Amino acid sequence: MRIAMISEHASPLAVLGEEDAGGQNTHVAELAAALVGEGHDVRVYTRRDSPALPDTVPTAEGYRVCHVPAGPALRVPKDELLPHMGEFGRWLAGQWRDGDWTPDVAHAHFWMSGLATLHAGRRTGVPVVLTYHALGAVKRRHQGHRDTSPPGRIGYERALGRAADRVIVQCQDEIGELVRLGVPRSRMALVPSGVNQEMFRPDGPAVPRDPARPRIITVGRMVERKGFQDVVRALPAVPDAECAVVGGPPAELLPADGFARRLGTLAESCGVADRVKLVGAVPREEMGRWYRSADILVAAPWYEPFGLTPLEAMACGVPVIGSNVGGIADTVVHGLTGDLVPPRDPRALGTAIRRLLADKVRRFAYATAALDRIRSRYSWKRCAEQLGAVYAAVSTVGRPASAVA
Ligand code: UDP
């Protein structure tokens with residue numbers, strides 16, 4: 001099957017850990033590779049954000065990345081990309097109508113990609129599948145007036161959910177959010193993301209650490225909602241443990257980064273500055289070494305549409321303490337593969353970390369059960385098979401372009 005994946009701001013070729021580059025980039029890259037592994041012909045369309053990029057880039061995994069000219073060939077924050085989605089959609093429609101490759105199905109990632117893809121799909125008869133990855137209503141609830149999403153996002157997301165042929169949801173929480181938004185449950189298919197089990201495995205090298213000290217690790221983009229502040233505030237209740245914070249700008253740019261500086265000041269005021277180590281962005285290939293160096297991964301976001309880092313840690317055999325939110329509430333089984341704590345509650349987090357660090361037997365049991373869960377439920381192959389079935393179901397509808405224009 002010919003599959004187009006549209007990921008307007010999140011290129012599978014991007015460097016991760018920076019403000020707008022995180023789980024979606026990884027998801028799109030690994031899903032594309034897994035679909036190729038299932039025998040599909042896959043192209044990923046992402047916005048050209050540098051004049052130096054070639055029109056198309058073949059990847060070692062077998063899919064092609066096409067750079068779409070829409071808006072300036074510069075890095076533009078994702079919250080400023082909406083005005084360029086019309087151009088993105090027209091370009092896709094032109095390619096699929098007049099070019100030499102028309103997909104059987106187009107899978108859009110994030111709501112803005114959904115707008116461009118629906119525009120193109122309507123004009124070419126290509127069915128459209130949508131994964132939101134994150135929802136404006138949730139972001140608004142948590143960030144209030146600090147939410148920089150374009151006005152109208154929530155309305156667009158509602159309309160997209162009703163217009164797309166299928167909506168892929170990644171966790172139970174997302175189903176509830178979309179039902180409240182007015183998206184029909186019958187349009188949704190629950191297909192959780194996979195995790196790369198070659199890259200994230202229990203055996204393999206680990207970055208050096210102080211053997212005399214327990215180590216916790218927390219990973220993600222340096223944005224407030226990832227809850228790094230809550231992890232720092234929890235540390236005084238966890239005697240002796242060091243905490244590696246992985247993500248954000250590259251290490252050499254950390255001193256100039258406002259968020260990193262605020263985190264450093266907070267660590268000082270909590271009396272734990274000597275135990276908090278800001279690592280900065282780590283290349284994805286090295287993430288396994290970081291997870292394996294830790295006794296526990298702490299994922300303390302305020303909300304989390306899915307959350308790849310708990311899955312990656314579980315795949316490395318590292319027990320997880322996570323906020324009981326979004327996808328983490330599905331991936332971590334409380335008391336069996338890890339512990340769930342309320343979000344934004346440093347006291348509860350500190351207690352959970354202290355208890356788990358003091359209990360080696362429980363850490364071992366969690367790690368074993370977590371690995372089992374990853375292998376049986378979160379392989380990319382399983383994800384690609386399930387999506388393949390969704391794609392087949394929508395593309396056999398076979399509507400001629402004229403019927404849907
Ligand atoms: N990541 C990375 N280097 C870093 C920080 C993060 O490669 O320095 C990766 C991490 O391994 C994971 C992704 O970025 O694959 C973050 O995904 P998640 O779903 O946890 O968060 P998001 O960024 O989508 O909010």
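Whatever order the structure lists ligands and atoms in, that order sets their numbers, starting from 1. Quantities reported herein were computed from a predicted structural model and do not represent experimental measurements.
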### Message
For Arg47, is there an ion pair with Asp49 - N to carboxylate O distance below 4.0 angstrom?
### Response
no
### Task
Go through the side-chain N and O atoms of His67 and Thr46 and say whether any donor and acceptor fall under 3.5 Å apart.
no
### Part of Met287 within contact of ligand 1 (heavy atoms, under 4.0 Å)
side chain
### Query
Can a salt bridge be assigned to the pair Arg201 and Glu312 using a cut-off of 4.0 Å between side-chain N and carboxylate O?
no
### Message
Suppose I only count heavy atoms of Gly307 and a 4.0 Å limit; which atoms of ligand 1 are within that range?
### Response
19 (O)
### Message
With a 4.0 Å cut-off on N to O distance, would you call Arg2 and Asp104 a salt bridge?
### Response
yes
### Query
When you measure from atom 21 (O) of ligand 1 to each heavy atom in Glu312, His27, Arg225, Lys226, which option holds the nearest one?
Lys226
### Query
Can a salt bridge be assigned to the pair Arg362 and Asp339 using a cut-off of 4.0 Å between side-chain N and carboxylate O?
yes
### Query
Considering only heavy atoms of Gly247, which atoms of ligand 1 have at least one such atom less than 4.0 Å away?
5 (C), 8 (O)
#### Entry: Nitrogen or oxygen of Phe200 less than 3.5 angstrom from that of ligand 1
no
### Query
Going by distance only, is there an N or O of Ala281 that falls short of 3.5 Å from an N or O of ligand 1?
no
### Query
Are His119 and Trp91 close enough that their ring centers fall under 6.0 Å?
no
### Message
Closer than 4.0 Å to some heavy atom of Thr26 - which atoms of ligand 1 meet that?
### Response
15 (O)
### Query
Do any nitrogen or oxygen atoms of Val246 come within less than 3.5 Å of a nitrogen or oxygen of ligand 1?
no
### Message
Closer than 4.0 Å to some heavy atom of Arg221 - which atoms of ligand 1 meet that?
### Response
22 (P), 23 (O), 25 (O)
### Message
Does either side chain, that of Gln24 or that of Ser7, offer a donor lying less than 3.5 Å from an acceptor on the other one?
### Response
yes
